[in-house]
Amino acid sequence: MQNQVDKMKKRIAYIVSYFLLLLLIFVCQKPLFMLYNEALTKGVGMSDFLQVMLHGCSLDATVAGYLTIFPLLLVLVSVWVKRLPLRRILVPYYGVAALLMGVIFVVDMGLYPFWGFKLDASVFLYLDSPEEAFASVSLGFIILRIAAILLLSAGYAWLLAKITPARIEAVKARWGATIVLLLLGGGLFVVIRGGVTESTSNIGQVYFSNDQYLNHSAVNPCFSLLSSAGKSKDYAAEFDFFDEERRQSLFQGLYPSDGNTQQVLDTIRPNILIVLWEGLGSAFVEPLGGLPDVTPHLNRLTEEGIFFTQCYANSYRTDRGVVSALSGYLGLPTASVMKMPAKSRTLPAISEELVKAGYTTDFLYGGDINFTNMKSYLLSKGYQQLTADTDFSLAEQRSNAWGVNDDITFEHLYNQLKDRKEGPWMTTFLTLSSHEPFEVPSHRLSEQIPNAFAFTDECFGTFIERLKQTPVWDNLLVICLPDHGFRYPRESVDRGGEFAHIPMLWLGGAVKQPLKVDCIMNQTDMAATLLAQLGLDHSMFSFSRNVLSDGYTYPFAFHAFGNGIAFRDSTGVSAYDTKADRISYEYPSPSEERLNRGKAILQTVYDDLGAR
């Protein structure tokens with residue numbers, strides 16, 4: 001009996017030690033990467049090295065988990081085979097795995113000084129022309145790195161072979177051993193997935209600093225390369241509807257530069273609070289033709305501030321909508337820029353421009369901030385402090401299926417802001433209670449979905465009234481803008497863009513006087529409109545317009561949904577199915593000009609994405 005137990009212990013010990021050895025290899029790569037890339041001259045201290053290694057462990061464990069799958073399967077097979085020559089079978093696998101680990105690490109380490117970001121699938125774009133790729137480096141440079149790859153790969157393979165039993169024998173209690181190993185595999189799956197929360201393993205989970213060099217150092221290069229491979233496309237080649245001359249002709253003038261701006265604020269340096277309201281479409285806002293009594297507080301506040309009545313969301317999901325709002329970048333029908341750190345890091349952002357102007361910045365979200373790479377996006381865009389679900393108590397984290405309910409986070413926000421004296425500052429808050437499954441602690445309305453929006457409205461209205469009683473209000477600009485719209489009832493057909501129609505409201509003591517702005521506009525236009533009010537340059541926001549400028553002479557809105565786009569101007573709306581390559585809706589009548597302008601914008605933004 002003891003012999004059988006020893007055989008199982010031998011199997012488990014091998015799998016655990018194999019996984020831990022891989023993890024140790026990846027952790028030890030980080031200080032080497034940092035030292036090669038001039039960590040000491042950058043003033044990086046010992047605590048920074050330790051922080052990088054500690055925060056990077058989660059992605060290191062994910063990659064180690066993937067590499068452990070095949071050995072675990074072999075060990076599982078060995079339970080049913082009389083004697084399995086484990087080492088002899090695995091040595092070729094070790095050789096390939098070690099070579100890939102060595103190549104990826106050395107290439108990533110060597111390219112970082114030139115690229116400034118972690119190795120990703122864009123490296124494959126250069127393999128078609130290796131002469132050009134190596135033109136700027138010497139033969140000695142290449143030989144030294146090949147030698148490093150061979151040395152490291154040989155070392156990795158030797159270590160892995162060293163801990164591998166030469167052979168393992170079958171056990172008598174085969175079913176029991178199989179169950180134990182399957183349970184071990186279940187634990188490995190959790191490690192690979194990155195835990196049991198909503199978010200799966202992604203690059204953003206290891207970001208911990210406003211210093212991008214430290215964040216990049218924490219990222220496992222194998223994960224960075226493989227995770228980007230599925231997202232790597234020649235975006236510039238997509239949606240080539242027109243030749244370049246025709247595209248330029250159609251696109252010309254759609255996103256004009258500033259003219260004279262109507263000044264609607266009392267100051268050019270207000271403190272700023274941006275509230276991104278989860279999913280608030282016009283269907284729930286009575287002044288926009290929505291249901292009565294769902295958002296009575298917002299309805300009342302529209303009479304007190306600057307109310308943009310014809311604002312349209314650029315996309316249909318939170319990850320896309322946040323980028324549209326904060327970076328002024330158009331939504332895409334087939335991709336999410338937030339999920340592509342190599343692309344999103346190149347986007348402009350309101351927060352970055354405000355930091356340059358002396359603002360401090362922070363972001364609050366009651367959910368998992370690692371979801372859809374949000375954390376890496378926010379840190380790369382200049383947000384200096386992030387608060388998320390893990391900063392609240394366990395009970396608070398479980399108050400909603402997505403994290404912390406809005407009544408709790410609004411209370412946290414109020415306590416954060418009420419006595420804030422330093423400035424200027426910008427705080428951004430993303431709500432979450434008005435998200436499916438729409439379960440909230442109050443039940444003012446009988447219908448579940450409107451009730452969830454009514455709950456957030458109550459939280460928002462109470463928060464604003466309390467904030468009015470503090471000194472903070474006097475120099476405050478509150479911008480309430482949804483991340484995207486919501487169709488309600490769900491069975492209804494979206495006739496002309498109701499799904500994309502959203503409110504935008506500017507409130508606070510910094511607002512001169514109530515005003516209604518009725519021109520058609522987009523969520524992306526918040527960036528240029530806000531920065532123009534502050535006297536700051538917004539020319540880098542290529543798809544954002546200052547709608548309070550007299551240069552804004554052709555109001556329109558562009559919206560992207562799953563495999564489709566819609567374009568709206570004063571003549572109506574045209575929707576186009578990009579997958580089926582056909583017009584899906586036109587109202588009130590067909591318009592080739594409307595459709596072509598929408599296509600030209602889509603082609604232009606994909607060309608822009610491809611160039612990033």
Side-chain angles (χ1 to χ4, degrees), residues 247-270 272 274 305-314 324-331 347-354 356-357 359 424 426 477-481 500-508 510-559 567-573 593-594 596-598 600-602 604-605 607-608:
R247 182 204 66 78
Q248 286 187 7
S249 173
L250 288 165
F251 188 76
Q252 184 71 31
L254 293 180
Y255 292 90
S257 57
D258 263 0
N260 296 314
T261 298
Q262 178 185 1
Q263 197 67 31
V264 297
L265 303 181
D266 281 328
T267 172
I268 63 169
R269 285 296 175 270
I272 300 168
I274 299 176
I306 303 168
F307 186 35
F308 298 81
T309 63
Q310 287 292 313
C311 184
Y312 289 83
N314 286 93
S324 293
L326 301 182
S327 286
Y329 202 72
L330 299 180
L347 298 179
I350 297 171
S351 46
E352 280 185 317
E353 298 311 306
L354 293 185
K356 294 175 187 175
Y359 278 72
M426 183 190 79
L477 171 63
V478 180
I479 299 178
C480 180
L481 178 69
H501 192 190
I502 58 175
M504 181 165 72
L505 176 63
W506 292 16
L507 292 166
V511 173
K512 279 185 177 181
Q513 60 188 20
L515 176 69
K516 281 189 170 56
V517 180
D518 295 321
C519 62
I520 297 172
M521 61 173 292
N522 261 139
Q523 178 185 41
T524 47
D525 297 327
M526 178 181 71
T529 305
L530 172 61
L531 292 175
Q533 289 294 310
L534 307 185
L536 298 176
D537 179 33
H538 56 84
S539 59
M540 68 292 297
F541 294 83
S542 305
F543 300 101
S544 183
R545 304 157 297 180
N546 175 11
V547 301
L548 295 175
S549 162
D550 60 11
Y552 185 52
T553 57
Y554 175 48
F556 71 87
F558 175 89
H559 174 71
F567 183 91
R568 170 186 282 271
D569 64 13
S570 60
T571 69
V573 60
E593 184 177 13
R594 258 194 335 252
N596 285 343
R597 284 176 174 166
I601 293 172
L602 181 62
T604 302
V605 72
D607 285 350
D608 180 83

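Both backbone and side-chain heavy atoms feed into the values below; hydrogens, waters and symmetry mates do not.
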Could you walk me through whether Lys356 and Leu536 pass side-chain contact (heavy atoms from CB on, under 4.5 Å), step by step? CA-CA 10 Å; Lys356 294 175 187 175; Leu536 298 176; over 6 Å; no
Go through Ile272 and Ile350 one step at a time and tell me if the side-chain contact (heavy atoms from CB on, under 4.5 Å) criterion holds. CA-CA 11 Å; Ile272 300 168; Ile350 297 171; over 6 Å; no
Passes side-chain contact (heavy atoms from CB on, under 4.5 Å), Ile306 versus Leu505? Steps please. CA-CA 6 Å; Ile306 303 168; Leu505 176 63; 5.8 Å; no
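Remark: Lys512 pairs with no residue by the salt bridge (charged side-chain N to carboxylate O under 4.0 Å, His left out) rule, at least two apart or across chains. Applying the side chain to side chain contact (heavy atoms under 4.5 Å, CB included) criterion to Ser549, with sequence neighbours excluded, gives Asp258, Thr261, Asn546. In this view, Thr267 satisfies the side chain to side chain donor-acceptor pair (under 3.5 Å) rule with no residue, not counting sequence neighbours. With sequence neighbours excluded, the residues forming a salt bridge (charged side-chain N to carboxylate O under 4.0 Å, His left out) with Arg597 are Glu593, listed by chain and number. In terms of the side chain to side chain contact (heavy atoms under 4.5 Å, CB included) criterion, residue partners of Asp550 (sequence neighbours excluded) are, by chain and number, Asn260. With sequence neighbours excluded, the residues that form a side chain to side chain donor-acceptor pair (under 3.5 Å) with Asp569 are Tyr554, Thr571. With sequence neighbours excluded, the residues that form a ring-ring contact (aromatic ring centres under 6.0 Å, His included) with Tyr255 are Phe251, Phe543, Phe556. Taking Gln310 as the reference, Tyr312, His501, Ile520 meet the side chain to side chain contact (heavy atoms under 4.5 Å, CB included) condition, with sequence neighbours excluded. Under the rule for a side chain to side chain donor-acceptor pair (under 3.5 Å), Asn596 has no partner lying at least two apart in sequence or in another chain. Checked against side chain to side chain donor-acceptor pair (under 3.5 Å), Thr524 has the following partners two or more places apart in sequence or in another chain: Asn314. Residues forming a side chain to side chain contact (heavy atoms under 4.5 Å, CB included) with Ala349 (at least two apart in sequence, or on another chain): Ser327, Ser351, Glu352, Lys381.
Minimum heavy-atom separation, Ala528 to Ser544: N-OG, 2.9 Å. Closest approach of Val264 to Gln533, counting heavy atoms only: N-OE1, 2.9 Å. Contact between Gly331 and Ser324 at its shortest, heavy atoms only, is N-OG, 3.7 Å. Nearest heavy atom pair, residue Phe307 against residue Pro503, reads CE1-CB, 3.9 Å. Across Phe308 and Val547, no two heavy atoms sit closer than the pair CE2-CG2, 4.0 Å. The nearest pair of heavy atoms linking Asp537 to Glu353 is O-OE1, 4.3 Å.
The distance from atom CD1 of Ile479 to atom CG of Leu530, rounded to the nearest 0.5 Å, is 4.5 Å. The CG atom of Leu531 sits 6.0 Å away from atom CG of Leu354, with the distance rounded to the nearest 0.5 Å. Atom CE of residue Met426 and atom CG of residue Leu326 lie 6.5 Å apart, to the nearest 0.5 angstrom. With rounding to the nearest 0.5 Å, the separation of NE2 in His559 from CD1 in Ile601 is 13.5 Å. Taken from CG in Leu548 to CE in Met521, the straight-line distance is 8.0 Å, to the nearest 0.5 Å.
With contacts defined as side-chain heavy-atom distances shorter than 4.5 Å, the pair Asp608/Leu330 does not qualify. Contact of the Arg247 side chain with the Asp607 side chain is registered, since non-hydrogen atoms from C-beta on lie closer than 4.5 Å. Using a 4.5 Å heavy-atom threshold, the side chains of Leu254 and Thr604 count as separate. Side chains of Leu534 and Pro270 form a contact here, defined as non-hydrogen atoms less than 4.5 Å apart.
A salt bridge (Lys or Arg N to Asp or Glu O under 4.0 Å) check over residues 516-535, counting only residues at least two apart or in different chains, returns the pairs Glu303-Lys516, Asp525-Arg545.
Looking only at distances, no side-chain donor or acceptor of Gln523 sits under 3.5 Å from a matching main-chain atom of Leu481.
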